[in-house]
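Step one of this worksheet: look at the structure below.
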Protein chains: 2
Amino acid sequence: MIQDVGSATTSRRARLRTETTAEIKRVALELMASGGPGSITLRAIAREMGMTANAIYGYFATRDDLLTALIKDVYTELADTLEAARDALPEADAAGRILAWAHAFRDWALAHPQGFRLIYGDPVPGYQAPEGGAAPEAEHRVCAGLTGLAAGAWPEASGRYTDDSFDWTDFDEKLAGEVRAEFPGLPPAAVALALRIWGHLHGLVSLEVLGHLRAQTTNPAKLYRNEIARLISSLGLTPPPATA
Amino acid sequence: MIQDVGSATTSRRARLRTETTAEIKRVALELMASGGPGSITLRAIAREMGMTANAIYGYFATRDDLLTALIKDVYTELADTLEAARDALPEADAAGRILAWAHAFRDWALAHPQGFRLIYGDPVPGYQAPEGGAAPEAEHRVCAGLTGLAAGAWPEASGRYTDDSFDWTDFDEKLAGEVRAEFPGLPPAAVALALRIWGHLHGLVSLEVLGHLRAQTTNPAKLYRNEIARLISSLGLTPPPATA
DNA sequence: TGCGGTAACTATACGGCGTGAAGTAAAGAT
DNA sequence: ATCTTTACTTCACGCCGTATAGTTACCGCA
């Protein structure tokens, strides 16, 4: 059973440490999946791992630190999923990419409702997000990805947004810089469009996942499809034929 | 100091009971306003009232029951606010009513962020909403109010929604019944429109209030105004001139 | 006027929570 | 072989919701 499993560059200690950290997060996500973000508890995690709750303090300074790490991981996974769905279609297919992104978003949220709550809901009792949100990086990626979608649609859509009076100073400096570097010539109105798209998608999905739509419609999927089709149309693109 | 303050129909006991119930809720809302929904605690309420935590069990069977009552109250207050803002303008001014409703929604959310979290966020640790949401009635009112807005815009907007394939069975039976009674001739596509409008507004406002927009835009108000203007335009109505 | 019922409230207790302080045993470094 | 660091446990504190039992004060009725 004695064998060399680790690389030579990391010590055995560091390896064990990494593995234990990963296990803590894995167990925490399991608890969340079965009981919601509120059931992420140091004591429950420790119980599951055959440890004492205080042992976790060797890996995370506080429960909120653990939650922050989890939020970052889950949010990053969401961003990966969305970008993968978008990049499965050619850049030229602007409408298809928006459609793919939007459905990937809803599908992910329905498949991981507790993860969605963790990211977008009020997470847990007294959790306070550390300065400017827990996962600004992933949030930024999502926003930049949406701006990419808007940029793809801009040739057709720009004519409908000439009366917008947005300015680069209306947006986060870092975000604006990235967008201007990646899409030269794209006006600030396109970023506003991206954020509005985010609002549309997030609004319907969060209402659905958090249960506020259940009492109104029996067919949230149809509502969402309709929303996306109208969104694509409003950009001057051709929506795909409706499917049941 | 001895005087008759209550009405003859309610006993002194019942009066005190009502007052105490109201005080519990009032203190709970104060705690929420200062520390978020998570700091609504039976013990904290009792402390504030100079009582024992267990005394509250005489008024609410459980902490979740209290939370449910609070959600209902706050949601009802929101619905009142929205309807009042809408009804301040004549029915003929469809665009103005949508505008008023939308801004009342955001203004309320920004003025009562903790109330917004209570209603729309994941409320508190282990809170489980009792069968179909805590405040189905207020939720219904909001939805019906939005449908009223859609109905007001329908003469101008209907032409853009002829290709929608919504059916009355796509919506909650009770909601559909009310809508058909109040707005005869209004097609189910108008209810879908109302829900989509809700999604738009809720999406941007919840992103802003829950802090997910802060890292992207420095001017969420402008973004929201733009969203509403485009929404009104997309209905074939004339948006009001933009103001700073 | 007095008595019985009941409503309102307290006292005590249990288990669970995050977290701090102190101690222990094993692993690594020298 | 000794010293240091790491991983972990034990104990403790003050929070939490809530169950059970006991106490007090008021109300209606004789």
Side-chain angles (χ1 to χ4, degrees), chain A residues 2 4-6 8-24 27-28 31-32 34-70 123-128 130, chain B residues 1-2 4-24 27-28 31-32 34-70 123-128 130:
Chain A
I2 298 172
D4 181 21
V5 282
T9 58
T10 61
S11 71
R12 173 185 146 79
R13 272 237 159 102
R15 207 177 344 112
L16 284 179
R17 194 178 173 73
T18 305
E19 280 172 16
T20 306
T21 305
E23 187 182 358
I24 291 172
V27 171
L31 287 168
M32 180 189 77
S34 62
S39 58
I40 299 178
T41 274
L42 295 188
R43 294 182 124 105
I45 295 169
R47 221 177 290 130
E48 206 78 17
M49 292 176 67
M51 289 198 328
T52 304
N54 273 348
I56 300 180
Y57 282 91
Y59 300 87
F60 297 93
T62 194
R63 186 204 60 152
D64 281 15
D65 280 17
L66 169 59
L67 282 174
T68 301
L70 292 175
V124 250
Y127 175 73
Q128 279 288 38
Chain B
M1 283 306 196
I2 298 172
D4 182 20
V5 282
S7 80
T9 58
T10 60
S11 72
R12 173 184 147 81
R13 272 237 160 102
R15 205 175 349 108
L16 285 178
R17 193 178 173 73
T18 305
E19 281 172 15
T20 306
T21 305
E23 187 182 359
I24 291 172
V27 171
L31 287 168
M32 181 188 76
S34 61
S39 57
I40 300 177
T41 274
L42 295 189
R43 294 182 123 106
I45 295 169
R47 220 177 291 132
E48 205 79 17
M49 294 176 66
M51 289 199 326
T52 304
N54 273 350
I56 300 180
Y57 282 91
Y59 300 87
F60 297 93
T62 194
R63 187 203 58 153
D64 280 15
D65 280 17
L66 169 59
L67 283 174
T68 301
L70 292 176
V124 252
Y127 176 73
Q128 279 289 39

- Nearest to the side chain of B:Y59, which nucleotide is it out of C:dT10, C:dC9, D:dT10? C:dC9
- Query: Starting at CD of A:E19 and ending at C1' of D:dT6, how long is that distance when rounded to a whole Å?
  - Reply: 16 Å
- Per atom distances to the A:N54 side chain, the nearest of C:dT19, D:dC16, D:dT20 is C:dT19
- Query: Only one of B:T18, B:I24, B:L66, B:D65 forms a side-chain contact (heavy atoms from CB on, under 4.5 Å) with B:Y59, so which one is it?
  - Reply: B:I24
- Let me know the distance between CD1 of A:I56 and P of C:dG18, rounded to the nearest Å. 8 Å
- Message: To check you understand the geometry: which heavy-atom pair defines the closest contact between B:M51 and B:I56, and what is its length?
- Response: CE-CG1, 4.2 Å
- Ignoring backbone atoms, establish whether A:T62 has a side-chain N or O less than 4.0 Å from OP1 or OP2 of C:dG18. no
- Message: Heavy atoms from C-beta onward define the side chain here; which of C:dA8, C:dT10, D:dT9 lies closest to that of A:A55?
- Response: D:dT9
- Counting heavy atoms from C-beta on, name the nucleotide in D:dA19, D:dG17, C:dA21 closest to the side chain of B:L42. D:dG17
- Query: B:M49 has an atom CE; how far is it from atom C1' of C:dT10, in whole Å?
  - Reply: 15 Å
- Measure the distance from CD1 on B:I40 to P on D:dG17 and round it to the nearest whole Å. 11 Å
- Message: Nearest heavy atom decides the nucleotide; on that basis, is B:A53 or A:R47 closer to the 5' end of DNA chain C?
- Response: B:A53
- Item | Exercise: identify the closest heavy-atom pair between B:L31 and B:S39 | O-OG, 3.2 Å
- Message: Need to verify one output field. Residue with the more 5' nearest nucleotide on DNA chain D, A:T52 or A:R43?
- Response: A:T52
- CZ of A:R17 versus P of D:dT5: gap in Å, rounded? 15 Å
- Between C:dA7 (P) and B:R15 (CZ): distance, integer Å: 17 Å
- Nearest of C:dT19, D:dA7, C:dT10 to any side-chain atom of A:Y57? C:dT19
- Message: Just N and O in the side chain of B:T41: are any of them under 4.0 Å from OP1 or OP2 of D:dG17?
- Response: yes
- Task: Can you see which heavy atom on B:T62 is nearest to which on B:Y57, and at what distance?
- Result: CA-CE2, 4.2 Å
- Item | Integer-rounded Å distance: D:dT24 C1' and B:M51 CE | 16 Å
- How many angstroms lie between CD1 in A:I45 and CD in A:E23, if you round to the nearest 0.5 Å? 10.5 Å
- Message: In whole Å, I'd like the distance from the CZ atom of A:F60 to the P atom of C:dG18.
- Response: 14 Å
